[in-house]
Amino acid sequence: MTIPTVIYHEREMRAYAHQDYPTHHDPFAPGLRRFSSVVRIADAGDDSQHVERYLLPTGASTPSSAVAALDAVLAYGRDIIDGKIVAAPL
């Protein structure tokens, strides 16, 4: 598994996505595939002690693929770093 890592404005972002299974967490249950994702933001550098994780809020549309979930959470992380969004860390 590859973890996408991006350096943005001297901050390191790592994105993680996983599939949310429908009814009773059964991977074989019929239904739409939905993914949730988390972005980890840390100061760039080897000795970074300040690390925060943020969950992409679920809105009207939930990503239907892992790639879409990763793209969405990286854009969300950029907005947090730029100060466009004030989000509470996990």
Side-chain angles (χ1 to χ4, degrees):
M1 179 173 114
T2 303
I3 300 171
T5 304
V6 177
I7 302 293
Y8 183 74
H9 292 294
E10 298 181 11
R11 307 285 302 269
E12 179 186 76
M13 293 190 302
R14 292 184 184 186
Y16 305 89
H18 70 276
Q19 185 174 358
D20 296 330
Y21 295 109
T23 324
H24 306 295
H25 303 287
D26 181 7
F28 302 107
L32 297 174
R33 294 177 53 165
R34 298 181 188 270
F35 290 81
S36 62
S37 50
V38 174
V39 63
R40 177 186 178 272
I41 300 175
D43 295 329
D46 294 335
D47 58 347
S48 176
Q49 296 295 320
H50 184 70
V51 176
E52 295 175 338
R53 295 180 307 145
Y54 299 93
L55 178 66
L56 182 67
T58 55
S61 63
T62 305
S64 60
S65 71
V67 173
L70 292 173
D71 289 342
V73 80
L74 285 174
Y76 183 64
R78 282 189 219 100
D79 289 344
I80 291 170
I81 292 172
D82 289 339
K84 295 177 184 176
I85 297 175
V86 178
L90 293 178

What pairs meet the side chain to side chain donor-acceptor pair (under 3.5 Å) rule with one or both residues in residues 72-89, with sequence neighbours excluded?
->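 Every side chain to side chain donor-acceptor pair (under 3.5 Å) pair that includes a residue of residues 72-89, provided the two are not neighbours, is Tyr8-Asp82.
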Between Val51 and Leu56, is there a shared hydrophobic cluster once you connect ILVMFWY residues whose side-chain heavy atoms come closer than 4.5 Å?
->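 In one cluster with Val51: Leu56, no.
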Other cluster members, Leu55 - Ile/Leu/Val/Met/Phe/Trp/Tyr, side-chain contacts below 4.5 Å =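 Via sub-4.5 Å side-chain contacts, Leu55 links to Val38, Leu90.
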Tabulate below the donor-acceptor pairs under 3.5 Å that side-chain atoms of residues 64-73 make, not counting sequence neighbours, or state none.
| from | atom 1 | to | atom 2 | distance (Å) |
| --- | --- | --- | --- | --- |
| Ser65 | OG | Ala68 | N | 3.2 |

With side chains defined as the heavy atoms from C-beta onward, is the minimum distance between Met13 and Ile81 less than 4.5 Å?
->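 In contact.
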Rounded to the nearest 0.5 Å, how far does [atom2] of [Y] lie from [atom1] of [X]?
| X | Y | atom1 | atom2 | result |
| --- | --- | --- | --- | --- |
| Ile3 | Arg14 | CD1 | CZ | 6.5 Å |
| Ile80 | Glu52 | CD1 | CD | 8.5 Å |
| Arg53 | Ile41 | CZ | CD1 | 12.0 Å |

Decide yes or no on side-chain contact (heavy atoms from CB on, under 4.5 Å) for Asp43 and Arg11, but give the supporting numbers first.
-> CA-CA 5 Å; Asp43 295 329; Arg11 307 285 302 269; 3.2 Å; yes
